[in-house]
2 protein chains.
Amino acid sequence: MPESHPAPERFPVTVDVVALTVRDGELNVLLITRLIEPFRGKLALPGGFVLAGEDLLEAAGRELAEETGVEHLPGHLEQLGSYGPKGRDPRGDVLTVAHLLLAPDFPVLAAGSDAEQAAWYPVAEVPELAFDHARILDDALERAKAKLEYSPLGAAFCGEEFTIAQLRAVYEAVWGTRLDPRNFHRKATGTPGFLEEAGRMTTGDAGRPAALFRLAPEARPTAGQPTRAVLNPPLMRPRD
Amino acid sequence: MPESHPAPERFPVTVDVVALTVRDGELNVLLITRLIEPFRGKLALPGGFVLAGEDLLEAAGRELAEETGVEHLPGHLEQLGSYGPKGRDPRGDVLTVAHLLLAPDFPVLAAGSDAEQAAWYPVAEVPELAFDHARILDDALERAKAKLEYSPLGAAFCGEEFTIAQLRAVYEAVWGTRLDPRNFHRKATGTPGFLEEAGRMTTGDAGRPAALFRLAPEARPTAGQPTRAVLNPPLMRPRD
DNA sequence: CGGCATTATTGTCAACATGACGATAAGTAC
DNA sequence: GTACTTATCGTCATGTTGACAATAATGCCG
């Protein structure tokens, strides 16, 4: 790796997080409003500088917790990719490592008046973003769509237990399609290593009560480890 | 993104490259022998520091070119992921952005006696590696296997034109499986947007001559752009 | 040249997966 | 109860996959 004698260049390194959730059938992304230049007043992805002695995922989790006021983040956090360092910040070269959070809907605390306010925005109506965050968001959406096809991570958008219909709503929101409830039910319950039955749902929902499911043990993250589990065969999104 | 007043930490940033190729039916990886501490004498992935004003892919390509003596790299280069910065280099925190090159076999120039010698090693017999490069190699192999399933990038291991059998040899080497030549032929030639016929192969090879193919236009990288093309339906590797 | 070994390519067939959609089940709202 | 709503099961035609037979087109060897 290193071999050259001149002192290596050093770069400021940030982590950004594309946090996605599904609220009333729509895919939402968490954004903050910038209070300082550059891009003051614009929306941006939550994130911040990596501190000495921190690892990337750690930093991403910390920044997200700080900016949402949420102690323990729900859902699944993974690295998306790195961008830069050239020409993405007008103040100079900054390398950013983008991350992706797939999470059930969680409330964002109101920030103090001097803090950047984080809030959920439907991805369909996201206005212009600061820096190269539009591109990062694009990549994140594509990654999320792909993840749903071949991994059990659609369930990361749901709570511990969920109905097939709730899971289907996730797929529909992320993919932006409608899926046949009957075929989806067959496929989701029929894929080995994906779901496991739990109890019963009664609630006051209209219609027949639905069975509750949870992730099968093989598909659950073990001790913080990401889950390499794979949906086989995959649950492919319709392409025309 | 940035908001804190204290000057942000700066990190040395390196790029490492996992360059893969197939030589006589075996998957090989390009490694260099380290000439300096730490890990002097050990094998490591080629790589080096990102320079000011460089982008990541650019730096990865430059380092690889420098360490192999090859001017124009063949194949497909993409970002794999970032590692660190905590505790992966005994000299201190270093962030590394790993890359993946899928390339046809190319000869590596002999380095001078004071330069680190790069050479191909069969992945099946790679000894201990420096730093966290074993983990990076693992991730790269998994990524390569997955890429072959749902992208046309298997062809990146072949030259411009190739036979179905050569392409199959790539799949077999990367996946470490044998595939039925007849079924593979049907699938490869039958997948829309994957292959396109070229001319004829005669050569002195034993057996019936094979037709030559090239990547279909939709699957070819356009102006350096990565090709988001997708194999649909995917060419799934056998899992038991 | 004729036969043999070798690889390529085309078919066939049963098992399985998918998309479209009908029919039933089991609740809530009135 | 009746109407409405959602869940779940079933059916059927079509497409895909894995196993494997058959044929095609060469080089090699005597």
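Letters A, B, ... are given to chains in the order of the sequence lines, protein chains preceding strands, and every chain is numbered from 1.
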Asker: First locate atom CG of B:Leu43, then atom CG of B:Leu30, and finally report the distance between them rounded to the nearest 0.5 Å.
Answerer: 10.5 Å

Asker: Considering residues at least two apart in sequence or located in another chain, which fulfil the side-chain hydrogen bond (donor to acceptor under 3.5 Å, both in side chains) criterion with A:Asp138?
Answerer: none

Asker: Between P on D:dG18 and CZ on B:Arg237, what's the gap in Å once rounded to a whole number?
Answerer: 14 Å

Asker: Rounded to the Å, how far apart are B:Tyr150 OH and D:dT16 P?
Answerer: 21 Å

Asker: On DNA chain D, compare the nucleotides closest to B:Pro234 and B:Ala206; which residue's is nearer the 5' end?
Answerer: B:Pro234

Asker: Indicate, yes or no, whether a donor-acceptor pair under 3.5 Å links the base of D:dA7 to the side chain of A:Arg208.
Answerer: yes

Asker: Mind checking ring pair (Phe, Tyr, Trp, His ring centres under 6.0 Å) for B:Phe106 and listing every partner two or more places apart, or none if nothing turns up?
Answerer: B:Trp120

Asker: Distance check needed: D:dT17 C1' versus A:Asn232 CG, whole Å only.
Answerer: 12 Å

Asker: What integer distance in Å separates A:Met236:CE from D:dT17:C1'?
Answerer: 15 Å

Asker: Listed by chain and number, what are the salt bridge (charged side-chain N to carboxylate O under 4.0 Å, His left out) partners of B:Glu128, not counting sequence neighbours?
Answerer: B:Lys42

Asker: With A:Glu197, which residues qualify under side-chain hydrogen bond (donor to acceptor under 3.5 Å, both in side chains), at least two apart?
Answerer: none

Asker: For A:Arg62, check salt bridge (charged side-chain N to carboxylate O under 4.0 Å, His left out) against everything at least two apart and list the hits.
Answerer: A:Glu54, A:Glu66

Asker: Just to be sure I understand the geometry, which residues of residues 154-169 of chain A put a non-hydrogen atom under 4.0 Å away from DNA chain D?
Answerer: A:Ala165, A:Arg168

Asker: What residues, two or more places apart in sequence or in another chain, satisfy salt bridge (charged side-chain N to carboxylate O under 4.0 Å, His left out) together with A:Arg214?
Answerer: A:Glu161, A:Glu196

Asker: Where along residues 171-190 of chain A does a heavy atom come under 4.0 Å from DNA chain D, residue by residue in number order?
Answerer: A:Arg182, A:His185, A:Arg186

Asker: Could you list the donor-acceptor pairs under 3.5 angstrom formed by side chains in residues 148-158 of chain B, with sequence neighbours left out?
Answerer:
unit_1, atom_1, unit_2, atom_2, d
B:Glu149, OE1, B:Arg239, NH2, 3.0
B:Glu149, OE2, B:Arg237, N, 3.0
B:Glu149, OE2, B:Arg237, NE, 3.3
B:Glu149, OE2, B:Arg239, NH2, 2.8
B:Ser151, OG, B:Lys147, O, 2.8
B:Ser151, OG, B:Leu153, N, 3.1

